[in-house]
Amino acid sequence: MQATQLLSIAQEFGAPVYVYDSEKISSQFNRLTNAFKNVSSLRLNYAVKALSNIAILKLMNSLGSGLDTVSIQEVKLGLLAGFSPEKIIYTPNGVSLEEIEEAAALGVQINIDNLSILEQFGSKHPDIPVCIRVNPHVMAGGNSNISVGHIDSKFGISIHQIPHLLRIVELTNMNINGIHMHTGSDILDIDVFLYASEILFETAKNFKNLDFIDFGSGFKVPYKEGDIQTNVEELGKKLSTKFNEFCKEYGRELTLAFEPGKFLVSEAGFFLAKVNVVKQTTSTVFASVDSGFNHLIRPMLYGSRHEIINISNLEGRERYYSVVGYICETDTFGSNRRINEISEGDILAFKNAGAYCFTMASNYNSRYRPAEVLWHKGKAHLIRERETFDDILRNQVDVEDLFQVKKLKAEAK
Ligand SMILES: *Cc1c(COP(=O)(O)O)cnc(C)c1O
């Protein structure tokens, strides 16, 4: 998307606002599909938690995607967006048996990541096919917050527990129709990933009725110039070869599945915020925007770097800025950034704002969550209204009798 288009969206819908480019989402989807054109059956299940607006889910549906969901609410969003239950996989962790049963009753593919629930579910519902989430204990990436395959991870059933798992399957007579892993958020080294996939193939040989093998996600996208990104074409070539060999040995064509979130939507998103104050201090120049970690928490939560550009002054000379929010906490979006000279009222665009941005937004400081706009075929469509004061009050119960103070004043609204 061009800066002028973003600027006109900020003018039309106000700031702060999230903008998503449908064209970029489609091209990422097609790129991944092409990379695996040599397998006979490929399924991409978009990870809803990255960006869960129904319009985005409908776009994914139109592209032929399935969905990866982690809560019963995400399952319901997917069904509302028109997905048939068979195209939804439900991969929770640490949720109750009751919630898993509720998802199973809706007809979606269940994926179980611990032996306790597996045993309980299998005993009660031996006829419902289940996928199992395996932890291959492979470190992908370096950040332990986003590497979920290693030994201390809470995710998945350890490959060292396969004998126990097989015993449960045999005793309950349940049917395992899929094997799944999700090793972490970044595939930096394709060979490490292929090594993990070998472990998955070895595990798969224990099960006779598989329909699919799900390799999770971890596709790394560039957040700044020069960033390493996953070479999906090379991964596609190498993994497809191994997968086809495995299917031959297994004696049946299986479906190869992935669950990309970030890869599909990160780069398609822009977050637009308005500069309220430019504040010169003894040590730096702060640009304070009408936002904070209530709208975009990734830089503060795990040090993510989002490029920031001043779309109101693309030709201006560059200066160093610290871009901060308006929340009463330290909420630094970026320090020592070279940005075209900023004036109060300018609109800053934060890049890579498609994944884990709006979905992590909150009402901290009693601020409204932003609007969302979809840019589709040269037109801007509002896909979520900015919140209002009513949203802040929703579900609050006014205990007027408790403190002898008046009912919430209508005029305060
Ligand atoms: C979050 C998640 C994904 C998506 O990860 P990305 O890094 O956004 O691609 C896929 N599968 C599972 C099980 C997840 O929890």
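The structure displayed is predicted, hence computed values, not measured ones. In listed order, ligands and their atoms are each counted from 1.
A donor-acceptor contact under 3.5 angstrom links the side chains of Ser116 and Gln120, judged on distance only.
Taking a cut-off of under 4.0 Å to the non-hydrogen atoms of Thr91, the atoms of ligand 1 that pass are 13 (C). Which parts of ligand 1 touch Lys262 is read off a 4.0 Å heavy-atom cut-off, strictly below it: atoms 6 (P), 8 (O), 9 (O).
Residue contacts with ligand 1 include Tyr356, since one or more of its heavy atoms lies under 4.0 Å from the ligand.
Using cut-offs of 30° and 60° for the angle between ring planes, the Tyr18 and Tyr20 rings count as parallel. A tilted orientation is assigned to the rings of Phe271 and Phe350, their planes being inclined by 30° to 60°.
With a heavy-atom cut-off of 4.0 Å, Ala47 touches ligand 1 through its side chain alone.
Aromatic ring centres of Phe36 and Phe243 lie farther apart than the 6.0 Å criterion allows. Between Phe258 and Phe219, the ring centre distance stays below 6.0 Å.
In terms of polar-atom proximity, Gly216 is not counted as a contact of ligand 1, lacking any N or O under 3.5 Å from an N or O of the ligand.
Across the listed options His182, Lys49, Glu259, Lys49 owns the non-hydrogen atom lying nearest to atom 2 (C) of ligand 1.
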